Amino acid sequence: MKNTLNVHTPWRILVLAPTPKDAEFTFKILKNEGLSTLVCQNLQEVCDEIEQGAAAAILTEEVILSDKSGVLEKTLHAQPVWSDLPLIVLMPTGGGTPATIQQLQAIGNMTLLNRPLQISTLISTLNAALRDRKRQYYQRDYLIEREHYALALEENEKFTRSVINNALDAVIMLDEQGLIREWNTQAELLFRWERHEVLMQPMLPKMLTQKHFNLLNKSINDYLRSGGDHFILNKRVEFSALNKNGFVFPIELSLTAQSLKGEIFFIGFIRDITQRIAAEQQLIEARNAAETANIAKTEFLANMSHEIRTPMNAVVGLTYLLAQSKSLTEQQKKFIDTLQMSAETLLALINDLLDIAKIEARSVKLEQIPFSVTTLVEEVVSMMATRVKEKGLVFTVNDENLKACEYIGDPTRLRQILMNLCSNAIKFTEKGGVDLTIRCKPGADAQTDLICISVKDSGIGIAPEHIKTIFEKFVQADTSINRKYGGTGLGLTITKKLTSVMGGELIVHSELGKGSTFTVTLPFTIIQKKNNFIETEKGVEVAALIPSSPPEACILLVEDYEPNRLVAHTFLEKFGYLCEVANNGIEAVEKVKNGNYLAVLMDVQMQTMNGFEATRLIRANEKKYNKISSLPIIGMTAHALSGDKERCLEAGMDDYICKPFELEDLKKKIECIQMAQLRKKHDLSACI
Ligand code: ADP
């Protein structure tokens with residue numbers, strides 16, 4: 001019976017009738033109305049069903065409950081709070097006694113229906129009970145959902161807490177009043193205040209030095225006043241913080257503002273940067289020490305260069321003078337040639353070492369003067385001509401694409417780059433030739449051209465594994481190179497570094513046994529072609545004023561190193577000048593006072609009084625005695641570091657020459673001065 005009368009839905013009505021016949025009758029009625037019904041045999045079965053959560057309403061009769069209502073009451077009370085199971089009890093005709101009614105109503109959500117009863121009343125009461133039960137289920141679902149939500153919230157909070165507490169940074173949260181609302185474990189460690197001591201406390205003034213508290217406070221207030229604009233602390237800032245014991249330490253702080261339920265909270269991430277600052281300090285100290293060492297190295301090199309160049313000047317000069325002798329045997333000539341070559345090699349090495357030192361000390365100062373690439377290339381080609389001829393190579397130049405304009409840049413450094421690449425190409429090529437191609441490409445803007453120089457040779461080439469290292473200092477492709485071709489492994493390092501200082505790039509393509517191509521690309525500023533006509537005219541006119549053999553003009557040579565005195569004296573006599581000698585600066589100043597000289601050739605570094613001081617005194621005397629024109633002074637320096645030229649000019653010299661100097665260089669310098677003087681005289685007489 002239970003099976004046939006049982007319909008499994010969650011909205012079953014439990015029917016407990018006095019007799020099976022009554023039960024069947026009721027079941028049929030309810031079934032006809034489409035209501036799910038479970039007919040129970042006894043009250044215990046009703047209670048079991050209730051406990052399993054199956055019932056939606058109970059329909060029973062008063063007689064069944066009269067003496068057993070306690071069991072049902074107990075079961076109903078054990079139900080969850082949201083459950084208030086509707087009970088519908090059919091009462092005898094005329095209703096029950098007040099005592100019975102009171103007893104029944106005490107059981108729970110009770111509806112008493114008096115007999116005689118219309119079926120429609122029963123059904124509508126049942127439907128109302130079912131609706132009530134449905135509402136209870138909704139409430140249950142809502143409560144369950146709320147419970148889940150609360151649980152999830154709790155878990156989320158636990159998770160957030162654990163993240164915040166395990167963060168490597170101190171995390172704090174402030175409300176708009178500046179009260180602490182969050183304080184993690186790191187904050188406890190950093191500031192030594194425990195969470196419970198700071199929560200809801202205005203801690204900022206105790207956590208920051210006055211100055212930084214004011215700054216932060218202002219930022220927060222500005223932010224609040226501006227309604228959320230201009231928040232300056234989104235980026236990290238460095239502040240000085242205080243801990244509970246008043247100990248000051250550096251922190252890095254980033255603060256963001258978050259709005260939550262209409263309130264604004266400021267969340268700060270704070271990191272102790274004591275160690276970082278110490279490390280930075282160490283780094284700065286190490287860098288300073290390295291820089292000091294580098295400066296010391298550069299100075300040492302400059303001094304060494306002076307020490308080496310001074311006697312080298314005598315070696316080169318005297319070798320030159322010896323080579324001019326007419327009565328030399330073939331063997332003596334050979335000795336002198338070798339002497340000259342060795343001196344040149346030694347000088348090239350000193351120059352390379354100095355260049356490296358300058359580049360590494362970042363003291364390369366690039367000139368910015370007008371120059372012509374075409375002229376520069378011609379110079380380099382003519383300098384290479386002898387070597388090319390000696391080796392029987394073909395040297396071709398392709399510069400058709402070059403514009404006939406001038407550029408602003410450093411021609412000396414460009415010449416050095418070109419010379420390095422061309423002399424390597426010639427050095428490492430036994431047969432075939434070297435192609436030099438210079439092209440001009442448009443640069444980053446209309447005022448800039450990219451000058452692209454390719455030096456291609458058909459020489460020994462470079463193995464792929466050596467290509468990367470050939471630009472390193474003192475590195476040659478392999479050890480046999482040095483034995484066979486000589487060299488130091490500095491040329492390419494200098495070339496590469498100079499190229500990069502000049503804002504360009506150097507690339508190489510090479511194949512072992514087939515040859516190499518080195519390509520350097522450099523940007524230069526274009527200048528409009530100047531009309532040199534007047535200058536040249538003047539130059540020609542003035543040059544014409546210089547007599548082919550100079551007059552018996554006297555040059556004052558100021559030099560304290562005897563061998564160099566000998567060289568310079570002999571050179572000057574060779575040019576046809578008279579020469580007077582001063583052994584130091586003091587003597588020079590005295591001689592200038594009384595003598596009449598075309599120019600002074602002034603050594604810079606001398607005992608007693610150096611060339612700079614002597615020049616300053618000479619210039620001061622000229623002012624004192626209102627001399628119309630100043631005496632030309634050419635400095636001679638064996639230092640080759642940048643700044644020497646500037647120091648000479650600053651002291652009042654007109655020009656400078658670097659030792660060891662070539663005969664021709666010295667001649668040109670003096671002639672230039674002579675020309676300038678003649679031009680001045682010419683201009684003056686023209687004015688008169
Ligand atoms: P050096 O020429 O004094 O040895 P460089 O720095 O100029 O020093 O060159 C470094 C090395 O690169 C050379 O020793 C040589 O092995 C290789 N190298 C440079 N240019 C060429 C070239 N044109 N052909 C073959 N090898 C070259």
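Counting starts at 1 for both ligands and their atoms, in listed order. Computed from a predicted structure; not experimentally measured. Sequential numbering from 1 along the given sequence is applied to the chain's residues.
- Side-chain atoms of Thr495 do not come within 3.5 Å of backbone N or O of Ile417 as any donor-acceptor pair.
- Between Lys668 and Glu671 there is no salt bridge, since no side-chain N of the basic residue sits under 4.0 Å from a carboxylate O of the acidic one.
- The ligand atoms of ligand 1 that sit less than 4.0 angstrom from a heavy atom of Ile470 are 10 (C), 11 (C), 12 (O), 17 (C).
- With sequence neighbours excluded, the residues that form a side chain to side chain contact (heavy atoms under 4.5 Å, CB included) with Gln331 are Thr329, Phe335.
- Under a 4.0 angstrom heavy-atom cut-off, Lys427 registers as being in contact with ligand 1.
- At least one heavy atom of Ser516 sits less than 4.0 Å from an atom of ligand 1.
- Considering backbone and side-chain atoms alike, Leu492 places an N or O below 3.5 Å from some N or O of ligand 1.
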Taking only distance into account, with no hydrogens and no angle test, what donor-acceptor pairs under 3.5 Å do side-chain atoms of residues 385-396 form with protein atoms, sequence neighbours excluded?
| from | atom 1 | to | atom 2 | distance (Å) |
| --- | --- | --- | --- | --- |
| Lys391 | NZ | Ile426 | O | 2.8 |
| Lys391 | NZ | Lys427 | O | 3.0 |
| Lys391 | NZ | Thr429 | O | 2.9 |
| Thr396 | OG1 | Asp435 | OD1 | 2.4 |

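- For Val455, no heavy-atom contact with ligand 1 is shorter than 4.0 Å.
- Classified by interplanar angle (parallel below 30°, tilted 30° to 60°, perpendicular above 60°), the ring pair Tyr407/Phe524 is tilted.
- Ligand 1 places these atoms under 4.0 Å from at least one heavy atom of Leu490: 6 (O), 8 (O).
- Checking only distances, Phe518 never comes within under 3.5 Å of ligand 1, N or O to N or O.
- A perpendicular orientation is assigned to the rings of Phe575 and Tyr577, their planes being inclined by more than 60° (bins at 30° and 60°).
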